[in-house]
**Q** 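Here's a structure for you.
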Protein chains: 2
Amino acid sequence: MLRAREKKLRLRDPERTRKRLLRAAFRTVYRSGFQSASVDAILAATNVTKGALYHHFASKEDLGYAIVDEIVAKFPHDRWLLPLERSNDNDPIDALIGIVKAIPARPRDVKGGCPLVNLAQEMSPLDEQFRKRLERIFHSWQEGIAEALRRGQHQGTVRCDLVPEESASFLIAMVEGYEVLAKNAQDPKVWNVGIKSIVGWLNSLRTPGNRKRGRSHRRV
Amino acid sequence: MLRAREKKLRLRDPERTRKRLLRAAFRTVYRSGFQSASVDAILAATNVTKGALYHHFASKEDLGYAIVDEIVAKFPHDRWLLPLERSNDNDPIDALIGIVKAIPARPRDVKGGCPLVNLAQEMSPLDEQFRKRLERIFHSWQEGIAEALRRGQHQGTVRCDLVPEESASFLIAMVEGYEVLAKNAQDPKVWNVGIKSIVGWLNSLRTPGNRKRGRSHRRV
DNA sequence: CGCAACATACCAACTAGTTTGTATGTCAAA
DNA sequence: TTTGACATACAAACTAGTTGGTATGTTGCG
């Protein structure tokens, strides 16, 4: 193992090369879709050659699978699962509202849409390997939310008459649905209105006694 | 002008040829996406030649625009706008619930997803002409629902504290979001659970006095 | 009506460029 | 020196779109 200082001077650093390929591939695929993202375009976005790419990945599909596993999977994990775990003893509804409000609404993000949905929408009907990997991500996302809701039910902050798994997938559907609408409109305003509706729905999951309903009317 | 009987025997029937191209193109694009649907594949699905295609359509994009205008636009129109208009004096919530429940849940439809979302998701960030056409469809869809809700507010069957446009786009987001989830799962069960949640939400739009809440517990 | 003049609808082959993937060679590091 | 990590050049298949030509349908005119 080389020290970091030496690592910088290395001409050949396979891990780094692989990472760069992955990142560039993700960006290109995010823009054009997987099928239309040409290998040449990915290579042009790096200064890596085709030989290097096919040294690290057996095929374009293989590269795509790695994108899903190593990059796309991070989004729900970092943005949803980690925050939910960290707010372990707080009201999960508050946590979820915070998470929803924290989803980036920059034009760049709105226009590109959700990478997970983009890939699922394009590849799931065409390639079972893609589909399975994407489904694993959706499932752990849903399970993380459901778990938080269950916690809230035990705490008494979340209504007991709802089925956590169903509410979780409903929330995911809302978020993804609005991201699709905002992406089509290419307009962050659409997304911001969506947040408002989603937050309203989330508040309706509180136990009737517990309604702190954040009616602070800060601008949305 | 030739009579219908003679028309069948005609060797050249430009309208028919155009329609056949459109239908085949729609099916191919529905399966593979627009960019990956090759012109050759579309032609192989008909017995029309490339010359004929480029006689009727200036380019592949042009063919795509025609698909949106003449085929994709029909889905929200036929499945949402027409039923809403027809149920003019009934409770719009009942009408909407009926519409949502009537969305096909056959494996074929679930696996292919919503043609409107498929195209929007793929093409809206890449081609402004696609985007505008798709946005028109989304907008008239939303406007149709909003109008029905407004009607309900005047009738007294729909809560007055909600903003019709926002509730309309919320409903669309839910429907599309769940279609994305179901498409990724490639499983109609996911969609059926979604319907349940959406119907529950729709019932929550009724004016408190008016809750007939279809709690018939028929299996979902 | 009958026929020439024209316009539309279509066909098969082709072009120029792009696609993923490979075969072979070279150079750095252990 | 051997082996992994690349680079270069290339191939075979596929891409959208064009070409020149032909068969059919329509229409104006005698």
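Proteins come first, then strands; the chains are lettered A, B, ... in the order of their sequence lines, and each starts at number 1.
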**Q** Taking the basic N atoms (NZ, or NE/NH1/NH2) and the acidic carboxylate oxygens, is any pair closer than 4.0 Å for B:Asp89 and B:Arg151?
**A** no
**Q** Should the pair B:Glu135-B:Arg131 be classified as a salt bridge under the 4.0 Å nitrogen-to-oxygen rule?
**A** yes
**Q** Expressed in angstrom and rounded to an integer, what is the separation of B:Leu53 atom CG from C:dA12 atom C1'?
**A** 15 Å
**Q** Output yes when B:Arg150 and B:Glu147 qualify as a salt bridge under the 4.0 Å nitrogen-oxygen rule, no when they do not.
**A** yes
**Q** Think A:His56 has a side-chain N or O under 4.0 angstrom from the OP1 or OP2 of D:dC6?
**A** yes
**Q** Could you check whether A:Lys183 pairs with A:Glu176 (Lys NZ or Arg NE/NH1/NH2 to Asp/Glu carboxylate O, under 4.0 Å)?
**A** no
**Q** Rounded to whole angstrom units, what separation is found between the CG atom of A:Asp62 and the P atom of C:dT20?
**A** 15 Å
**Q** Salt bridge check, B:Arg23 against B:Glu70: does any charged N sit closer than 4.0 Å to a carboxylate O?
**A** no
**Q** Using whole Å, what does the distance between atom C1' of nucleotide C:dA12 and atom CG of B:Asn47 come to?
**A** 15 Å
**Q** Let me know the distance between CG of A:Leu43 and P of D:dT8, rounded to the nearest Å.
**A** 12 Å
**Q** In whole angstrom, what separates A:Ile42's CD1 from C:dT18's P?
**A** 17 Å
**Q** Taking the six-membered ring for Trp, are B:Tyr178 and B:Trp191 parallel (under 30°), tilted (30 to 60°) or perpendicular (over 60°)?
**A** perpendicular
**Q** Any side-chain N or O of A:His55 below 4.0 angstrom from OP1/OP2 of D:dA5?
**A** yes
**Q** Just by protein heavy atoms under 4.0 Å, how would nucleotides 12-18 of chain D read 5' to 3' in B, S and -?
**A** ---SBBB
